[in-house]
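To keep things clear, I will list the structure first and then write my remarks on it.
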Amino acid sequence: MTEEKGLNFIEDIVEEDLRNGKYTQIVTRFPPEPNGYLHIGHASSICLNFGLTEKYGGYTNLRFDDTNPVTEETEYVDSIKEDVKWLGFQWKHELYASDYFEALYQFAIDLIKKGLAYVDDSSSEEIAALKGTPTEPGRNSPYRDRTVQENLDLFESMKKGAFKDGSKTLRAKIDMAHINMLMRDPVLYRIKHAHHHRTGNEWCIYPMYDFAHGQSDSIENVTHSLCTLEFVPHRELYDWLIEKLEIFPSKQYEFARRNLTYTITSKRKLLQLVNENHVDGWDDPRMTTISGMRRRGFTPESIRDFCTRIGIAKRENLVDMSLLEYCVREHLNKIAIRRMAVLDPVKLIITNYPAGQTEEVFSENNPEAENNGGTRPVVFSGELWIEREDFMETPAKKWFRLAPGALVRLKSAYIVKCDDFIKDDEGNITAIQCSYIPESKSGNDVSGIRAKGTIHWVSVAHAAEAEVRLYDRLFTVENPAAEEGDFTSYINPNSLQIVKKAYIETALKDAVEGEKFQFIRKGYFTPDTHSAPGKLVFNRTVTLKDTWAKESKK
RNA sequence: UGCCCGAUAGUAUAAUGGUAGUACGACAGUUUUUGGUACUGUUUGUCUUGGUUCGAAUCCAGGUCGGGCAACCA
């Protein structure tokens, strides 16, 4: 079978490497630093790395880039593993850069012996001062010409804890006039007397990213090391270290990180939202973290579909949130169970329905399911809750819901005609009076009447109650990170609207976390993580498309 | 005033010297007991100037614009 869709530039590289026999299988890795929760941008990277080995054979490792003990925590490790698994991917090996601390230490000694690294006593300010600028060369450190033996001894003392934080570093000896600033004798090791989440107090020197990442890739025989564009200048150093160390030549390739409108994808900024209590935690349903989207009701399938659709390239981008919403609607439409819930209730009284009478009507569970999903019984009565917005005292043009004198179908039940309505002293409508047409019962309608509109309802005497949380975009601007000033000043004050008491049909009473529902005509909903029987809480994942909302604005 | 990366409809992404496609969005229509879904149609694009070529989004040169690079972060 031939591939119809065009390949992205990384797939091109992989196919070329496979075709010319450079590799017989490929190895990739997903390498998060455990200093925060994963977000939609990581999902894209995960899909790329795991997707590549699923497609071309080989495997993908999960590797925690835990070389900075002060920012990293086990809580983050656990959440990252959960999120990757939830997205539906299985890593071959669970690995940690900290597993390689001893190996990396030996690499450093190797470099020193080759005369390619030295211990520098300069402070970080002094190092910066000698670094030069992008347009001026740097100057050599006074400690640059120490002998190999002296460097070996000093480095060993560093490891043994003889020196204070910041007093010494190990640096590569490359070229202080190099056009690439990262090649101007980059720091390889720094002293940090800090507790590490895995190695405890065993080490007091920690490798920098540049001395850990490529070597870890190499140790694991990673063939294609994929990272984001900001690491392009690091590639030269990545290759230099592998060459001088004479180890497996992993290759780094860079792609553009994905950005999404009306949100942020920066762990630092997400952490700020959490710390400053702008949101309810990392898994707040308004957050585009994996855990937030999971709690909001997104499915792994929809997120993976989204990542496939936005693709991978090297140019800057800002993807429309509407595409993500499309993907989740597309999946939920197929799997979500249809139920009726009234969020903003007003009473509808059927004056010609016998007082106290009830009857069961049957309503489809999911018309999009293969065999229709079957039906469930719903109790109908003469006193119902309907949505306040489904009635208009003075109907707009093209309005075909309830209005004085208008006919409307009550979903899965009867057609009713609005005869009158009642207002309180302040002019609020408190009840709508209708008469129903007995011959129009859903399923065997012999009335010959056609109602253009259909609305949902819940019987007053049989309704259960639930809290419903309606979410909107977290920011008021498309690209909060690019705006002037602090991004938190662009937070949407109406991003969460809580409906304390919504009326739901009885079939919804046993809803549990993980279940997906469509509240007919209102959107897709899922029980919140803190929802409990008797105290139900639903999160709105996304609204349905609403062409009437557009029409009514005309 | 150095080096590196990039530029294709509103957005994202294909076309790898040979018909500029696809998806989302927008707009219009058909179907509909969800103003949902489904289906149909319409709309809009190669940053710029030269060059090579029978032929350039693609190759070359210059320019413009956007992003990155001077952490003991990753």
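Computation of the quantities below employed the complete heavy-atom set of this structure, encompassing side-chain atoms and omitting hydrogens, waters and symmetry-equivalent molecules. In what follows, chains are A, B, ... by sequence order, proteins preceding strands, each numbered from 1.
Checked against ring-ring contact (aromatic ring centres under 6.0 Å, His included), A:Phe231 has the following partners two or more places apart in sequence or in another chain: A:Tyr209, A:His234. Partners of A:Tyr262 according to the ring-ring contact (aromatic ring centres under 6.0 Å, His included) rule, which considers only residues two or more places apart in sequence or in another chain, do not exist here. With sequence neighbours excluded, the residues satisfying side chain to side chain donor-acceptor pair (under 3.5 Å) with A:Lys441 are A:Glu359. Residues that satisfy the side chain to side chain donor-acceptor pair (under 3.5 Å) test with A:Ser363, not counting sequence neighbours, are A:Ser412. Not counting sequence neighbours, A:Tyr206 has no partner by the side chain to side chain donor-acceptor pair (under 3.5 Å) test. Taking the ring-ring contact (aromatic ring centres under 6.0 Å, His included) definition, one finds that A:Phe298 meets it with nothing, sequence neighbours left out.
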Give the dot-bracket line for RNA chain B from 5' end to 3' end: parentheses for intra-strand Watson-Crick or G-U pairs under 3.5 Å, square brackets for crossings, | for inter-strand pairing, dots for unpaired.
.((((((..((((....[..)))).(((((.......)))))....(((((..]....))))))))))).....

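A cation-pi geometry, defined here as NZ or CZ lying under 6.0 Å from the six-membered ring centre and within 45° of its normal, does not hold between A:Arg409 and A:Tyr414.
Remark: A:Asn333, A:Arg338 in residues 331-344 of chain A come within less than 4.0 Å of RNA chain B through at least one heavy atom.
Using a 4.5 Å heavy-atom threshold, the side chains of A:Cys418 and A:Phe391 count as touching.
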What N/O pairs connect the protein and nucleotides 25-27 of chain B at under 3.5 Å? Give each pair on its own line.
residue: B:A26; atom: OP1; partner: A:Lys550; partner atom: NZ; Å: 2.7

Write down the protein N/O and nucleotide N/O pairs, taken from nucleotides 15-20 of chain B, whose separation is under 3.5 Å; answer none if there are no such pairs.
residue: B:U16; atom: N3; partner: A:Asp12; partner atom: OD2; Å: 3.3
residue: B:U16; atom: O4; partner: A:Asp12; partner atom: OD1; Å: 3.3
residue: B:U16; atom: O4; partner: A:Asp12; partner atom: OD2; Å: 2.1

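Here the closest heavy-atom approach between residue A:Asp445 and residue A:Ser447 is recorded as OD1-OG, 2.6 Å.
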Within the 4.0 Å limit for protein heavy atoms, which parts of nucleotides 68-73 of chain B are touched? Write it as a string from 5' to 3', B for base, S for sugar-phosphate only, - for none.
--B-BS

Nucleotide by nucleotide, nucleotides 39-46 of chain B touches protein heavy atoms under 4.0 Å in the pattern (B base, S sugar-phosphate only, - none) --------

